[in-house]
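Remember, predicted model here, so these are calculated numbers, not experimental data. Positions are given from 1, in the same order as the sequence printed here.
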Amino acid sequence: VDAVMWAGIRNWGSQAASFLVFLVLARLLPPEAFGLVAYASVLMALCQVLANQGFALAIVQRETVELEHIDTAFWTGIGVSVALMALIIGLSEPIAGLVREPQLTPLLPWLSLSLVLGALSSVHSALLQRDLRYRPLALRTLLATTTGGIAGVTAAISGLGVWSLVIQQLVSASTAVVVLWTSSSWRPGLRVSRAHFSDLFDFGILIVGSNLARFFAARSDRLLIGYLLGPTELGIYVIAFRIIQALIDFVNITLRQVAMPLFARMQNDLHRMRQAFYSATRVTSLVSFPAFVGLAAVAPTLVPALFGNQWQASVPIMSILAFHGIIHSIQYNGAVMVAMGKPAWSLAESLASSLITVVGILIAARWGITGVAAVVVLRGYLVYPGALLAVRSLIHVRVFELLAGYVAPALGSIVVALVATGITSALVGHVDAYATLAAAIAGAALSYALLIRVFAPKRWEATRGLIVLALPNRLGSAKTVRQGPRV
């Protein structure tokens, strides 16, 4: 619970800060600027997967880890990231020409610096996750988000345009390195070993494959929108997806980040892992189902109020993608597979997701970004049954018992949609948009809470118990924080 709480502080605090920055930048910059940086960021994210080689996750997953493992992972990451940065700098002009966006040429070399900055902090982050020390990770993220946001907004106000987004990313990554090195007692040595490299590589190569497949599943929509429909359409899509992703992070990412290292500690106790899996999915669905359905209901009022009327085209896209948020929020299947030492299974799941995404978008692109959004949603619901059956074989999950836990949140979400839509329709044109949104959200939330309290009292009490457990003396407690890596 301590780890979840600090992960929550990190995610919720950074989401609040980054979303505030995002709102400001969306009013200062045109859709094309967001589209260009989003396109470049896809390439950086791909290189980041290669630079990490899955070694950081291998350190988290291993039951025991030696200092040679840690040093080998660090210096391998530095070497690969420097090589990738040099490759991007040398090929920036051909890459920009390939995607028919010459404005990317000067952006790519500067953004490639983020690869080295990421390599400088990835092992430190893995060691902290391994020991469930999320307090320094929370500090890292909050400070990085804040400093990057201030730098980006300042640059945008100064008229630097698309460069303000580049500055935001680099300042944020630099701050993260400083905070993690200050928070961790570990420093890289020269204990690099071929045998330890082999230990990490055997596990890491499957993680790389899984992450690459997951990358194409998650990012191919942006690649193909940018290539087929242009940066303006990509900017509109990015704005819609950014709101969905912010809500996913707020509702779900905290438990997802803690789940894998926690499951890894339970890998020899299937009963405990199964109960933890049930708890994670039930708590998440209780919050995420009504949150995303409610978001779809208030989208026509929310988007113009937050970003301005120039982003009106994002409304239908956000309403569709809300259903991606629902299925994505209950996905703990990959964490179980990796924790149980089955990264190849996670790779198969990611490959299936990637294949559906790419083929589906190529077919649906004729209907524009609306068709792309529909494919992204459909992908999750097609892949989930197979992944769930895989988890069932690993930890003996009872599928009907798991699915039964979704009934109360699903039915309650219908009420949320009706209440939110009714209040919005009644108030639009009579009060301002912010008051309308506040009334709709409050009314829907109260209705949902009452329904769950009356018709699903056990779920209500279980969730309330977790919240109470997290509260007393947690913020000031240092007893659960251990210094240095657990070896």
Side-chain angles (χ1 to χ4, degrees), residues 36-60 65 67-99 101 104-127 144 166-167 169-178 180-181 184 186-216 218-220 222-223 343 347 350 354:
L36 284 171
V37 173
Y39 212 62
S41 297
V42 171
L43 177 60
M44 295 304 113
L46 172 60
C47 292
Q48 192 68 61
V49 172
L50 298 174
N52 186 32
Q53 317 99 40
F55 282 12
L57 194 58
I59 289 175
V60 177
V65 62
L67 291 174
E68 287 81 0
H69 287 120
I70 304 172
D71 285 352
T72 300
F74 178 83
W75 290 113
T76 303
I78 292 292
V80 174
S81 63
V82 169
L84 288 170
M85 182 180 71
L87 186 65
I88 290 173
I89 292 174
L91 296 177
S92 57
E93 188 171 347
I95 292 172
L98 179 65
V99 298
E101 293 295 342
L104 286 177
T105 301
L107 301 180
L108 290 174
W110 286 101
L111 285 171
S112 67
L113 286 171
S114 63
L115 299 175
V116 178
L117 294 172
L120 285 170
S121 60
S122 65
V123 171
H124 291 79
S125 179
L127 292 172
V166 177
I167 292 170
Q169 291 191 24
L170 293 180
V171 171
S172 179
S174 300
T175 303
V177 173
V178 173
L180 281 183
W181 278 65
S184 174
W186 177 78
R187 294 293 180 268
L190 298 177
R191 297 171 291 263
V192 178
S193 161
R194 179 178 296 179
H196 290 82
F197 176 89
S198 179
D199 286 345
L200 296 172
F201 184 82
D202 290 344
F203 182 90
I205 190 63
L206 294 174
I207 296 298
V208 170
S210 179
N211 287 344
L212 283 173
R214 191 174 293 113
F215 165 85
F216 284 109
R219 302 294 186 110
S220 57
R222 303 185 185 193
L223 280 171
L347 170 60
S350 300
S354 180

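- A search for side-chain contact (heavy atoms from CB on, under 4.5 Å) contacts involving Ile167 returns Ala151, Ala155, Leu160, Val171, not counting sequence neighbours.
- Taking all atoms of both residues into account, the shortest heavy-atom contact from Leu115 to Met85 is CD1-N, 4.2 Å.
- Remark: the backbone N or O of Leu120 is paired with a side-chain donor or acceptor of Trp181 at under 3.5 angstrom.
- Here the CG atom belonging to Leu170 is positioned 7.0 Å from the CG atom belonging to Leu117, to the nearest 0.5 angstrom.
- Within the structure, salt bridge (Lys or Arg N to Asp or Glu O under 4.0 Å) pairs that include any residue of residues 70-86 comprise Asp71-Arg191 (at least two apart or interchain).
- For Thr76 (side chain) and Ala73 (main-chain N/O), no donor-acceptor pair under 3.5 Å exists by modelled atom type.
- For the side-chain hydrogen bond (donor to acceptor under 3.5 Å, both in side chains) test, residues two or more places apart in sequence or in another chain that qualify with Thr175 are Thr147.
- A distance of 10.0 Å separates CG in Leu107 from CD in Gln169, rounded to the nearest 0.5 Å.
- With hydrogens and angles ignored, the 3.5 Å screen pairs a side-chain donor or acceptor of Ser81 with a backbone N or O of Gly77.
- Annotation: side-chain contact (heavy atoms from CB on, under 4.5 Å) contacts of Pro109 (sequence neighbours excluded): Ile89, Ser92.
- Between Leu190 atom CG and Thr72 atom OG1 the span is 10.5 Å, to the nearest 0.5 Å.
- Once rounded to the nearest 0.5 Å, the distance linking OG1 of Thr105 with CD1 of Ile95 reads 9.0 Å.
- The side-chain contact (heavy atoms from CB on, under 4.5 Å) test applied to Val82 returns Ile78, Val116, not counting sequence neighbours.
- Here His124 contributes atom NE2 and Ile70 contributes atom CD1; the two are 10.0 Å apart, rounded to the nearest 0.5 Å.
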